[in-house]
Amino acid sequence: MSRNIMRHVYGWLLLTPAAILLIAFTHYPTVATVIDSLFSKGSAIRPSRFVGLANYAMLVDDPIFWKVLTNNAWFALGTIPTSILLAIAMALLVNRAIPGRSLVRMAYFTPTILPMIAVANIWLFFYTPDIGLIDQAAGWFGFDGHNWLGDPATVLPAIIVMTIWKEAGFFMIFYLAALQNVPPELEEAARLEGSTRWYYFRRVLFPLLMPTTLFVMINAVLNSFKLVDHLFVLTKGGPDNASNLLLYYIFESAFSYFDTNYAATLTVILLGLLAVMALMQFYVLDKRVHYR
Amino acid sequence: MNSLRSSFSNLPNALETVAAWFLALFWIAPLVYAFWAAFHPSQYAVHFDIFAPLTLDNLREALSRAPFLRYAFNTFILVTTILFAQLVLCTLAAYAFARYRFFGSNIAFALVLVQLMITPEILIVENYGTLARFDLIDTILGIGLPYMASAFGIFLLRQAFKSTPKELEEAARLEGCGVFGVLWRVYVPLARPTYIAYALVSVSHHWNNFLWPLVVTNSVETRPLTVGLGIFGAPESGVDWSIISAATLMSVAPLLIAFLLFQKQFVQSFMHAGIK
Amino acid sequence: MLNKLKILFLTVAVTIGLVTAPMAGAETELNMYYPVAVGGPLTKIVDSMVADFMKENPDIKVNAIYAGNYNDARIKAFAALQSGKPAQLSVMFSIDIYELIEQDAIIAFDDVVETPEEKAWLNSFYPTLMENGRTAGKTWGIPFQRSTIVMYYNKDAFKAAGLDPDQPPATWQELVAAGQKLTKDDGSQWGVMIPSTGYPYWMFGALTMQNGQVLMNDAGNETYFDSPAVIEALQFWLDLGTKHKIMPAGTIEWGTLRQNFLEGKTAIMWHSTGNLTIVKEKAAFDFGVAMLPASKRRGTPTGGGNFYIFKKTSAAERKAAMRLIKFMTSPERSAEWSMKTGYMGISPAAYETSKLKAYVKDFPYAAVARDQLKYATAELSTYQTGRIRKALDDAIQAALTGAKSPEDALKEAQSLSERLLRPYQ
């Protein structure tokens with residue numbers, strides 16, 4: 001009898017240190033953020049007061065909020081499918097016994113090891129108009145340069161390219177691991193049946209890689225919301241919010257405008273989006289995944 | 001590794017090799033450029049003359065403008081502290097989840113997994129407020145605290161512990177080991193690959209973390225490399241590519257060198273972590 | 001085993017804590033944040049000035065902490081205020097004044113000065129520079145790294161284009177005419193570049209002043225973004241790129257502008273005088289500096305950072321802070337700072353020092369910013385300044401990238417500003 005009780009006691013005791021930190025920095029702040037979003041911005045001369053959904057009304061009326069949301073959507077749509085496809089391609093290439101394989105793998109994976117802020121510094125120079133590398137290279141081929149980061153139409157694509165550069169190698173690793181778990185008999189069987197490589201990839205390999213794809217997609221979606229480091233160096237969200245992202249807007253609202261309550265409101269939206277993404281990925285995609 | 005593999009063609013065709021190499025060169029080009037700009041005087045930042053003189057001046061100038069060595073030291077202390085705490089806390093929690101069926105453990109585990117999605121940066125405003133309340137702003141401990149209980153770590157270690165054969169635990173208990181004895185003698189050693197994998201992932205992640213340390217640190221004594229690089233390149237002061245490249249390289253050097261030396265382990269770690 | 005682990009963990013934690021804890025001293029210790037927004041090894045210069053101060057004042061220890069740009073410095077200073085390691089004073093954007101007052105973070109210098117000599121010291125600076133530091137009849141900020149926008153131009157390029165290198169454009173029309181001669185068809189050289197990232201509202205403040213209109217009132221609770229003169233000014237800025245084609249269309253990056261000028265990509269650039277020394281050092285061509293051209297009149301906003309003393313300070317700390325501020329803004333130090341950076345001397349006395357007098361004689365461009373002061377006006381500063389500045393920045397960028405017409409963009413910014421400022425009127 002006491003054995004049973006000890007089991008519960010031990011379980012909770014072992015969990016407690018981690019639990020304290022998790023509650024303090026994940027669960028409690030989530031609740032506090034929701035509460036904060038219901039109060040107005042306070043200052044020394046006008047203290048904060050309960051305003052119900054007023055902040056949310058302000059949010060709906062805020063054109064910057066909608067712009068930021070659209071940007072996040074484009075950013076995710078631009079980076080995720082492309083990096084995943086590139087990652088699969090890279091994994092397939094590296095999985096073959098090509099000469100210099102480990103060097104090639106290193107080349108693909110190295111950008112992942114760099115912090116985003118360093119990546120942004122390097123790519124800032126690529127995108128600088130006229131004297132930047134891309135414009136210079138364009139000049140050699142006779143093309144006109146362009147203000148990549150200063151043109152609202154090209155700034156998001158430019159950032160997307162840079163992000164794909166950083167992320168594809170990271171996803172490649174997971175696909176590599178999955179590929180190496182594929183039994184060679186499958187390939188041999190397909191070959192014996194006379195199917196083409198493309199058919200083999202489409203009908204056998206790709207479905208087998210679904211669990212990895214699910215994992216990678218979750219990671220990628222999360223990253224697309226968290227990754228704002230580069231904005232500090234590249235555009236600060238400009239021009240005219242063309243590259244602004246939700247988390248950066250939250251940071252600005254809290255630390256530049258001292259409006260922590262509006263920042264909390266924005267955070268609630270972010271939390272909601274993350275929750276929806278998580279549910280969507282688990283329920284919808286789960287059905288289409290082939291587990292062996 | 002693939003000795004049994006009889007694929008569609010044993011040798012990859014020339015097209016594949018060329019494609020792989022072309023992509024690889026394209027992929028590594030930005031980093032190569034950073035090296036070029038860092039080690040050549042500023043006039044050559046834009047002009048690619050093979051015989052341009054090499055120089056260490058940019059590194060020297062960057063070092064004199066900002067204490068990158070101190071930043072490196074801070075980062076080192078930061079990742080080590082975080083890793084150490086994570087190893088302890090996650091081991092205990094994973095052990096609880098893996099071997100103890102205690103009341104509410106399922107709900108607790110689900111709540112733990114929430115942190116996989118809702119990482120501390122997302123709740124940046126509130127977490128900053130919490131740190132301020134406990135006077136932990138501008139301390140290395142403050143940077144690390146939200147990350148020390150890592151849901152990812154708990155998840156990985158729980159998997160590892162779960163796959164440990166029960167007989168070993170029983171044998172240890174027969175020898176008179178208590179709760180922690182079993183943990184230390186049986187579970188931890190067997191989970192070594194997981195620990196190593198997790199350690200590499202954790203160190204890389206926290207070495208490169210930017211937003212949270214930016215907000216928490218104010219002074220040189222606590223600032224890590226990423227934040228130091230971020231404000232060094234603050235565009236207002238006008239960019240000098242060679243110096244910024246030098247500073248960038250200095251910031252990524254420690255992790256990059258470690259990666260180049262231990263490439264295989266890094267790749268294996270990320271793979272291992274991903275499979276789970 | 002676990003006990004050993006616990007002890008080890010505690011030891012590590014305590015060591016970390018000690019390593020990161022501040023050291024107490026018997027002297028007065030001052031923490032000061034400061035930003036850098038122009039090129040050059042400014043952190044080294046500040047450090048050496050602070051070191052000199054500490055040598056002369058061994059009973060005061062100063063920690064001068066570089067914080068990034070103006071935005072970063074404000075964030076850091078505020079963060080420090082809320083933590084256990086507060087700052088006692090800081091150099092921050094001159095236009096942060098209303099925000100700082102609203103957060104009840106700073107004290108007025110009138111409440112700190114005691115002797116009649118000190119009171120006189122408050123009036124020893126250029127009045128135009130004091131505009132951004134004064135409100136409600138009190139002085140809240142003392143000038144330190146102050147500037148105006150000046151026009152840098154490439155004399156060699158002028159000569160090559162057949163223009164008189166000693167007669168830089170003095171009016172908007174002359175600017176367009178000169179720009180058209182200077183802009184090369186192959187795009188290798190533009191006539192003029194006015195940056196529209198970083199601090200676009202600042203550049204815009206110059207254009208509007210030149211067109212005879214200020215952007216806000218003295219009390220900081222009214223803005224005039226949609227007045228006809230302001231819309232005209234934005235249209236002129238837009239026309240430079242789209243109609244007269246002497247400037248690249250779209251936005252122009254603040255951070256790479258100096259490099260563009262030094263590489264000869266543009267023959268004229270509008271930039272802070274704070275870049276003067278580094279341009280002087282790095283220019284491989286003959287260059288000149290002139291006041292900005294006039295439309296209805298000449299005009300420029302002042303810019304830069306002021307010293308502020310925080311409220312959460314003891315009397316001893318305030319006295320020490322006063323000594324530091326008086327040292328850093330003394331005529332000799334101001335002269336030294338001006339020569340090493342290009343920021344202006346902040347008081348007439350600074351320009352009377354022998355060092356600066358000789359320097360100006362030898363390099364007259366160092367006096368352009370000072371001479372332009374008589375046409376200068378305060379930089380855009382209001383309550384809710386962060387949001388309102390951003391609204392104006394967004395409007396400028398929207399117009400320059402063609403997303404909205406200047407009139408629409410500015411009207412939108414004005415209506416947002418009115419909504420934000422209503423509670424303060």
Side-chain angles (χ1 to χ4, degrees), chain A residues 13-14 17 40-47 58 61-64 67 121 124-132 135-136 138-139 142-155 232-244 249 251-260 262, chain C residues 68-69 71-72 74-76 78-79 99-105 186-190 195-198 200 248-253 255-256 259-260 262-266 311 383-391 393-404 409 412 416 419-420 423-424:
Chain A
L13 272 182
L14 286 169
S40 71
K41 165 184 166 170
S43 70
I45 48 187
R46 286 183 311 153
M58 199 163 97
D61 279 336
D62 182 2
I64 300 185
K67 185 85 182 93
N121 264 328
L124 174 60
F125 182 61
F126 281 39
Y127 286 130
T128 302
D130 294 328
I131 53 178
D135 274 11
Q136 294 240 351
F143 293 111
D144 269 338
H146 192 83
N147 188 357
W148 306 99
L149 293 175
D151 179 355
T154 57
V155 64
F232 287 87
V233 168
L234 290 179
T235 59
K236 299 227 179 354
D240 190 25
N241 296 309
S243 61
N244 208 350
Y249 191 37
F251 168 81
E252 268 188 326
S253 299
F255 294 99
S256 285
Y257 312 149
F258 301 110
D259 197 346
T260 48
Y262 191 61
Chain C
N69 56 26
N71 209 32
D72 297 333
R74 187 185 64 244
I75 296 176
K76 292 302 162 203
F78 264 98
E99 201 74 68
L100 293 168
I101 292 177
E102 196 180 350
Q103 299 291 329
D104 206 20
D186 61 356
S188 61
Q189 182 176 287
W190 291 95
S196 37
T197 68
T251 58
I252 296 181
E253 174 71 39
T256 48
Q259 187 120 354
N260 273 321
L262 292 172
E263 298 245 340
K265 280 287 168 186
T266 178
K311 202 168 187 181
Y383 286 98
Q384 299 268 359
T385 194
R387 279 212 162 94
I388 291 183
R389 251 183 8 241
K390 178 151 170 73
D393 283 348
D394 287 349
I396 295 170
Q397 290 181 338
L400 290 177
T401 56
K404 300 192 186 121
E412 226 178 275
L416 174 66
R419 200 157 46 87
L420 288 169
Y424 300 94

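A, B, ... follow the sequence lines: proteins, then strands. Residue 1 opens every chain.
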Nearest 0.5 Å please: distance from the CZ atom of A:Phe125 over to the CD atom of C:Gln259. 7.0 Å

Hey, what do you get for CG (A:Leu124) to OG1 (C:Thr256), rounding to the nearest 0.5 Å? 7.5 Å

Could you check whether any side-chain heavy atom of C:Asp394 comes within less than 4.5 Å of a side-chain heavy atom of A:Ile64, counting everything from C-beta outward? yes

Within the structure provided, determine whether C:Arg387 and A:Tyr262 are in side-chain contact (heavy-atom separation under 4.5 Å). yes

Given that the side chain runs from C-beta out, which part of C:Asn71 has a heavy atom under 4.5 Å from chain A: side chain, backbone, both or neither? side chain

Sort out for me which of A:Asn241, A:Asp151, A:Leu149 touches chain C most, counting heavy-atom pairs under 4.5 Å. A:Asn241

Heavy-atom pair of closest approach, residues A:Gly150 and C:Thr401: O-CG2, 3.7 Å

Check whether any side-chain heavy atom of C:Lys390 lies under 4.5 Å from a side-chain heavy atom of A:Tyr257, and answer yes or no. yes

Can you give me the closest heavy-atom contact between A:Asp240 and C:Ala398, atom names plus distance? OD2-CB, 3.2 Å

Given heavy-atom pairs under 4.5 angstrom as the criterion, report whether the side chain, backbone, both or neither of A:Thr128 touches chain C. side chain

What part of C:Glu99 is in contact with chain A, defined as an atom under 4.5 angstrom from a non-hydrogen atom: side chain, backbone, both or neither? side chain

Residue A:Phe251 versus chain C: region with a heavy atom under 4.5 Å: side chain

Closest contact, heavy atoms only, C:Gln103 versus A:Phe258: NE2-CB, 3.9 Å

Under 3.5 Å, is there a donor-acceptor pair between the side chain of A:Asn147 and the main chain of C:Thr251? yes

With respect to chain A, which residue among C:Leu416, C:Thr385, C:Asn260, C:Ile396 yields the maximal number of heavy-atom pairs within a distance under 4.5 Å? C:Asn260

Test side chain to side chain contact (heavy atoms under 4.5 Å, CB included) on C:Asn69 and A:Lys236; report intermediate values, then the result. CA-CA 12 Å; C:Asn69 56 26; A:Lys236 299 227 179 354; 3.7 Å; yes

